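Contents: one structure, followed by commentary.
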Amino acid sequence: MIAELDSLQAEALRALHASDTPAALESWRVQWLGASGRLKDAMASLKALSGPEKPAAGKRLNELKAVLEAAFTERKSVVGARPAGPMVDVTEPGAPCGGGRQHVLTRTIDGIVDVFGRMGFSVVEGPEVEDEWHNFNALNIPDGHPAREPTDNFYMGAQGGALRLLRTQTSTVQIRAMETTAPPLKVCAVGRVYRPDTHDATHYSMFHQVEGLYVDRHVSMADLKTTLIQFARAYFGADAEVRMRPSFFPFTEPSAEVDIMMHVRGQRQWVEIGGCGMVDPAVFAAVGIDPEHWSGFAFGLGVERICMRRYGISDIRWLFENDARFLRQF
Ligand code: DAH
């Protein structure tokens with residue numbers, strides 16, 4: 001029996017040292033020191049023993065119990081003091097993770113807003129999920145107008161009876177600004193717009209526009225052109241030129257397309273960056289502003305176009321792929 005107890009002790013201590021979590025330690029305790037554990041079994045065998053061997057075996061068993069209890073207490077102080085999980089050397093130097101930077105489009109937006117801000121435009125915002133009133137009706141785009149075709153818009157279904165869509169233009173924010181603020185008014189808005197276009201080098205189903213609106217007494221087309229020229233020179237450089245080509249938008253009369261003369265790969269080139277015009281009296285009527293008393297100009301420019309020209313980017317999709325190798329260049 002003594003020999004058996006010796007090997008029992010060796011086995012128990014081996015198992016104890018292999019237990020390196022509080023849970024493993026507890027199951028060791030139950031298995032060896034528990035009410036129906038291995039030590040209790042050994043005591044039962046001792047009771048069954050008779051003859052001269054018994055006192056010595058009893059002594060050895062008491063000793064085994066003391067050894068296991070002491071070893072358990074000691075092991076517990078080691079395992080319990082250690083948090084679960086892998087050991088981490090907090091003094092080891094960390095792996096460098098590289099610096100972040102502003103997205104080139106965000107930088108463009110900040111640059112544009114900075115210029116218009118210095119020209120006295122205050123920044124306003126509007127929702128990307130719009131109703132038909134702000135995206136169409138108030139902008140003089142009546143029911144049945146081709147611009148409302150489902151193939152040209154992301155309709156989102158009705159909410160409380162009113163049809164919702166992702167705005168196709170930031171001109172919606174002009175309406176919201178005039179609804180909430182009486183003239184004189186000089187605001188700009190930058191934001192995302194959505195159109196179901198097939199993605200290619202110059203088209204994406206989401207892009208950004210910067211909208212400007214100035215309403216005051218006697219605002220003229222000359223004010224509009226001056227504003228656009230000042231913007232172009234401040235943003236693209238003192239030699240930038242602006243050209244306005246007659247065009248049509250339902251919400252302006254007269255209307256024009258805006259081109260900016262830029263250097264593209266060493267060549268001077270006219271690049272179309274947006275539309276503009278004098279606010280149509282029908283738009284003023286929709287928001288309750290008297291067109292006999294007030295006049296205004298508006299413009300809407302494509303932010304990606306401006307960004308791509310300024311930074312020499314030839315594919316709009318790169319702006320949205322978040323490939324760090326591309327973004328790191330700006
Ligand atoms: N909303 C027009 C578009 O998305 C751009 C535009 C044209 C905005 C003329 C204006 C404007 O404010 O006056 O194509």
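Numbers here are sequence positions counted from 1. One-based numbering, in listed order, for ligands and for the atoms of each. Just so we're clear, the structure is a prediction, and the values are computed from it rather than from any experiment.
Between Glu11 and Arg38 there is a salt bridge, since a side-chain N of the basic residue sits under 4.0 Å from a carboxylate O of the acidic one. For the pair Arg29 and Glu26, the salt-bridge criterion is met [side-chain N within less than 4.0 Å of a carboxylate O]. Residues Glu69 and Lys65 are paired through a salt bridge, judged by an N-O separation under 4.0 Å between the basic side chain and the carboxylate. Taking the charged nitrogens against the carboxylate oxygens, Arg317 and Asp315 do have a contact shorter than 4.0 Å, which makes a salt bridge.
With respect to atom 8 (C) of ligand 1, the closest heavy atom belonging to the protein is Gly300 N, 3.3 Å.
The distance criterion of under 3.5 Å between nitrogen or oxygen atoms is not met by Phe251 with respect to ligand 1. For Gln209, a nitrogen or oxygen atom sits less than 3.5 Å from a nitrogen or oxygen atom of ligand 1, counting backbone and side chain alike.
Interface of Arg195 with ligand 1, defined as ligand atoms under 4.0 Å from a residue heavy atom, comprises 3 (C), 4 (O), 14 (O). In the vicinity of Thr252, heavy-atom distances shorter than 4.0 Å reach the ligand 1 atoms 13 (O). When each atom of ligand 1 is checked for a heavy atom of Phe249 under 4.0 Å away, the hits are 7 (C), 9 (C).
Residue contact check for ligand 1: Phe297 places no non-hydrogen atom closer than 4.0 Å to it. Using a 4.0 Å heavy-atom cutoff, Ser171 is listed among the residues neighbouring ligand 1.
Tyr204 and Glu304 are not linked by any side-chain donor-acceptor pair at a separation below 3.5 angstrom, with hydrogens and angles left out of the test.
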